[in-house]
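Worksheet: one structure, shown below.
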Amino acid sequence: MLQQTQVGAVIGYFQRFLDRFPDIGALARASEDEVLQLWSGLGYYARARNLHKAARAIVDSPGGRFPSTAAQIELLPGVGRSTAAAIAAFCFGERAAILDGNVKRVLARRFGVEGFPGASKVEAELWVLAERLLPNIAAPEEMEAYTQGLMDLGATVCTRSAPGCALCPVATECVARATGRTAELPAPRPKKAYPTREAAWLLLRYRGLTVMEKRPAPGIWGGLWVFPEFGGEDPIRHCLAEFGCELSSHRELPLLRHGFTHFRLEIRPIVCEVVKRERRAESPGRAWFPLKEAASEAVPVPVRKLLAML
DNA sequence: CTCCAGGTGG
DNA sequence: CCACCTGGAG
């Protein structure tokens, strides 16, 4: 959950998640849809799908036990080099280097690493430094304090703005500090203009029900339920042809904007009042939900917002 | 409103 | 290299 997400946003999700899935077996036995329900609103839903897959992979593995080395842990879906190292260091005392966003900032400043962390060349340089800095431990227990200390240094002292250099244990050896460049290091992400996409969403209302469609994975909101999108001109004709629904009226709600990493989505919500629904087999991946319960399904934030307005 | 943080996988 | 989401800061 903490991959690409800050602690404050995670805590509530983490507690609800562990209440429902107290161990790997419980997670493995659950459906992907239920896992996504508990992840709904947290974003980056591939993490949830991967976590679920990882639980099943562990349960189905020969020993049925959680892998105990960084190299083995990294084979799990959704677990990369840094997360694998963090688990191995904290749980098994392995001498493995982590490199999360906070640590990258500490290293970039302390060693004066130029360039944007994320550029592959800079990334490689940071990994070399992270490995080289690992302490020569006498016992596995020592890895915890080192790893936690490094992460906390970045999270609480070597912060992005206004770092607390006066409190920093490595201030005297810090390149950024010595050259007065703590504000310039690490280099910011190169700016890039990103496009706006538009989408019209149909919010059908019929006897306290609404229809949603399951997005394919991978892709945006993969595995989540989203209002049907349509690109046509005429909601009345579209609803009849696609959903067998006769409308008495339809109205637009205010434009809803949602930002992604690489584009911005402008959602035009169209509330459609259905008076008559033709009986027909539901296509797979499309379902009617009671409006009152829809918000507890696996839905992304904009859908949640719109449900609150219905 | 805009900008930004934050790892993994393809 | 790019795709993937959201909330908080400014």
Side-chain angles (χ1 to χ4, degrees), chain A residues 1-14 36 38-54 57 70 73-89 96-109 115-124 126-127 130 147 151 154-156 158-163 183-197 199 215-226 254-267 298-306:
Chain A
M1 285 182 178
L2 287 167
Q3 290 170 357
Q4 300 286 281
T5 306
Q6 284 155 11
V7 177
V10 160
I11 292 174
Y13 284 89
F14 180 73
L36 285 169
L38 278 157
W39 206 277
S40 171
L42 204 48
Y44 288 119
Y45 299 95
R47 297 179 298 175
R49 301 194 301 269
N50 282 331
L51 187 58
H52 184 230
K53 274 189 214 138
I73 296 166
E74 195 178 342
L75 296 175
L76 296 170
V79 180
R81 184 171 171 186
S82 186
T83 302
I87 296 169
I98 59 159
L99 189 62
D100 69 7
N102 289 325
V103 174
K104 286 178 191 178
R105 188 170 54 250
V106 171
L107 299 182
R109 284 180 175 155
F116 168 64
S120 57
K121 197 179 155 193
V122 178
E123 202 78 359
L126 291 169
W127 272 113
T147 307
M151 292 169 72
T156 65
C158 194
T159 49
R160 195 174 64 87
S161 49
E184 284 86 57
L185 295 176
R189 166 181 300 278
K191 285 194 200 299
K192 212 169 43 174
Y194 57 100
T196 298
R197 294 187 205 164
R215 293 274 183 131
I220 300 242
W221 295 324
L224 273 73
W225 295 93
V226 178
L255 205 63
L256 190 63
R257 282 176 240 274
H258 191 80
F260 292 87
T261 2
H262 47 302
F263 68 96
R264 178 215 291 272
L265 184 62
E266 288 189 348
I267 300 158
V299 297
V301 166
V303 170
R304 190 175 301 281
K305 286 181 182 168
L306 290 170

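First the proteins, then the strands, lettered A, B, ... as listed; each starts at 1.
Minimum atom distance to the side chain of A/Thr83 is reached by B/dT8, of the listed B/dT8, B/dG6, C/dA3. When the nucleotides C/dC4, C/dT6, B/dG7 are ranked by their closest atom to the side chain of A/Pro300, C/dT6 comes out on top. Of all nucleotides listed (B/dG7, C/dC4, C/dG7), C/dG7 comes nearest to the side chain of A/Val301. When each of C/dC4, B/dA5, B/dG7 is scored by its nearest atom to the side-chain atoms of A/Gln6, the top-ranked nucleotide is B/dA5.
Distance, A/Leu224 CG to C/dC4 C1': 12 Å, rounded to whole Å. Going from atom CE of A/Met1 over to atom P of B/dG6 covers 19 Å, rounded to whole Å. To the nearest angstrom, P of C/dG7 lies 15 Å from CD1 of A/Ile11. Distance A/Glu123 CD to B/dG9 C1': 14 Å, rounded to the nearest Å. Distance CD (A/Gln4) to C1' (C/dA3): 11 Å, rounded to an integer number of Å. The CH2 atom of A/Trp221 sits 12 Å away from the C1' atom of C/dC4 (whole-angstrom rounding). When the C1' atom of B/dC4 is taken as reference, atom CZ of A/Arg264 falls 14 Å away, rounded to whole Å. Note: CZ (A/Arg160) to P (B/dA5) measures 5 Å, nearest angstrom.
Enclosure of atom CZ in A/Phe14 is not indicated, since only 12 or fewer non-hydrogen atoms of other residues, nucleotides or ligands lie within 6.0 angstrom.
Among the heavy atoms of the strands, none lies under 4.0 Å from A/Leu99. Among the heavy atoms of the strands lying under 4.0 Å from A/Arg257 are primed sugar atoms or P, OP1, OP2 only; no base atom is included. Nucleic acid contact for A/Gln3: sugar-phosphate only, since backbone atoms but no base atoms lie under 4.0 Å from a heavy atom of the residue. Contact annotation for A/Arg304: no contact, since no heavy-atom pair falls under 4.0 Å across all strands. At the heavy-atom level, A/Gly8 lies nowhere under 4.0 Å from the strands shown. When heavy atoms are screened at a 4.0 angstrom cut-off, A/Arg81 is found touching the sugar-phosphate backbone but no base atom. Using a 4.0 Å heavy-atom cutoff across all strands shown, A/Thr261 reaches at least one base atom of the nucleic acid. Residue A/Ile98 is classed as having no contact, given no heavy-atom separation below 4.0 Å to the nucleic acid. No contact: A/Ala9 has no heavy atom under 4.0 Å from any strand. Across all strands shown, A/Pro188 has no heavy atoms under 4.0 Å from either base or sugar-phosphate atoms. Within the nucleic acid shown, A/Pro218 has no heavy atom closer than 4.0 Å to any nucleic acid atom.
Checking side-chain atoms of A/Tyr45 against main-chain N and O of A/Ile220 turns up no donor-acceptor pair under 3.5 Å. In this structure, the side chain of A/Gln3 does not engage the main chain of A/Gly80 through any donor-acceptor pair within 3.5 Å. Within the 3.5 Å criterion, the main-chain N or O of A/Gly222 finds a donor-acceptor partner in the side chain of A/Arg49.
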Given side-chain contact (heavy atoms from CB on, under 4.5 Å), test A/Leu42 with A/Met1 step by step and report yes or no.
-> CA-CA 8 Å; A/Leu42 204 48; A/Met1 285 182 178; 3.9 Å; yes

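Below 30°, between 30° and 60°, or above 60°: for A/Phe260 and A/His258 the angle between ring planes is above 60°, a perpendicular geometry.
Phosphate proximity of B/dG6 to A/Asn102: present, with a side-chain N or O under 4.0 Å from OP1 or OP2. A/His258 has no side-chain polar atom (N or O) that falls below the 4.0 Å cut-off from OP1 or OP2 of C/dC5. The phosphate of C/dC5 (OP1 or OP2) has no side-chain N or O of A/Thr5 nearer than 4.0 angstrom. OP1 or OP2 of C/dA3 has not a single side-chain nitrogen or oxygen of A/Tyr194 nearer than 4.0 Å. For A/Arg189, no side-chain nitrogen or oxygen approaches OP1 or OP2 of B/dA5 to under 4.0 Å. The phosphate of B/dG6 (OP1 or OP2) has a side-chain N or O of A/Arg105 nearer than 4.0 angstrom.
Heavy-atom distances to DNA chain B give each of A/Tyr44 and A/Asn50 a nearest nucleotide, and the one nearer the 5′ end belongs to A/Tyr44. Position along DNA chain C of the nearest nucleotide to A/Ser120 versus A/Gly222 favours A/Ser120 as the more 5'-ward residue.
A/Leu224 pairs in a side-chain contact (heavy atoms from CB on, under 4.5 Å) with only one of the listed residues (A/Val299, A/Leu36, A/Val303), which is A/Leu36.
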